[in-house]
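Order of listing sets the numbers, starting from 1, for every ligand and every atom in it. Sequence positions, counted from 1, serve as the residue numbers for this chain.
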Amino acid sequence: MKIAIGSDHAGFELKENVKDYLKELGHEVLDLGTHSTESVNYPEYAEKVAKAVSKGEAERGILICGTGIGMSIAANKVEGIRAALVHSVYTAKMASRHNNANIITFGGRIESPEEARAFVKAWLETPYEGERHNKRLFKIKELEEKCKGGDDV
Ligand code: RB5
């Protein structure tokens, strides 16, 4: 699978670790930065990864900031993105099983490399369940469409 990955300075070291793990698992990695611990602004990297996934340049994406919160807020502004902030193997599995999340986010200041790797594995290996969840994801898509242009807000 082709997976886009991005981080800010607070997620940089964990991104490098997760990137190695993805390659070990046999995935193709599109690293969209940042490339050092120099301070940067996380929305720029959320945009790069979310747009790569939205345009189909990558099948899925992973975003890491200090907590994962800012990355999830920013990535979910991009059309077609379902970014899930995960904090356990259970939430990583459910992000796929019920929400068909095409991006996961987590925190470089929270998760250890072992935890992050376990989340990534759980999310990638768990299939989307479909069925009753399709109508819920469809409603999210409808909400996205309704909010376009701000007419409905
Ligand atoms: C950067 O200090 C920090 O705010 C950022 O990495 C992230 O945690 C925001 O949600």
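Atoms of ligand 1 lying under 4.0 Å from any heavy atom of Gly70, numbered from 1 in the order shown and given with element: 9 (C), 10 (O). Each of the atoms 5 (C), 6 (O), 7 (C), 8 (O) of ligand 1 lies under 4.0 Å from some heavy atom of Gly66.
Comment: Lys139 does not engage Glu144 in a salt bridge, judged by the lack of any side-chain N to carboxylate O separation of less than 4.0 angstrom. With respect to the salt-bridge test (charged N to carboxylate O, under 4.0 angstrom), the residues Lys51 and Glu57 do not qualify.
For ligand 1, the polar-atom distance check finds no N/O of Ile69 at less than 3.5 Å from any of the ligand's N/O atoms. At a 3.5 angstrom cut-off on N or O pairs, Gly68 does not count as close to ligand 1. Taking any N or O of Tyr42, backbone or side chain, none lies under 3.5 Å from an N or O belonging to ligand 1.
Protein heavy atoms are found less than 4.0 angstrom from atom 6 (O) of ligand 1.
Heavy atoms of Ala10 found under 4.0 angstrom from ligand 1 belong exclusively to the side chain. Of the heavy atoms in Arg109, only side-chain atoms (C-beta onward) come closer than 4.0 Å to ligand 1. The proximity of Asp8 to ligand 1, defined as any non-hydrogen pair under 4.0 Å, is limited to the side chain.
Cluster membership for Ile104 and Ile64, using ILVMFWY side-chain heavy atoms within less than 4.5 angstrom, is shared. Both Val53 and Tyr42 belong to a single network of hydrophobic side chains, linked directly or stepwise wherever heavy atoms of I, L, V, M, F, W or Y lie under 4.5 Å apart.
For the residue pair Gly107 and Leu14, the shortest heavy atom distance occurs at O-CD2, 4.0 Å.
Under the salt bridge (charged side-chain N to carboxylate O under 4.0 Å, His left out) test applied with Lys15, the options Asp20, Asp8, Asp31 reduce to a single match, Asp31.
Judged by distance alone, with hydrogens and angles left aside, the side-chain atoms of Asn76 form a donor-acceptor pair with the main-chain N or O of Ala83 at under 3.5 Å.
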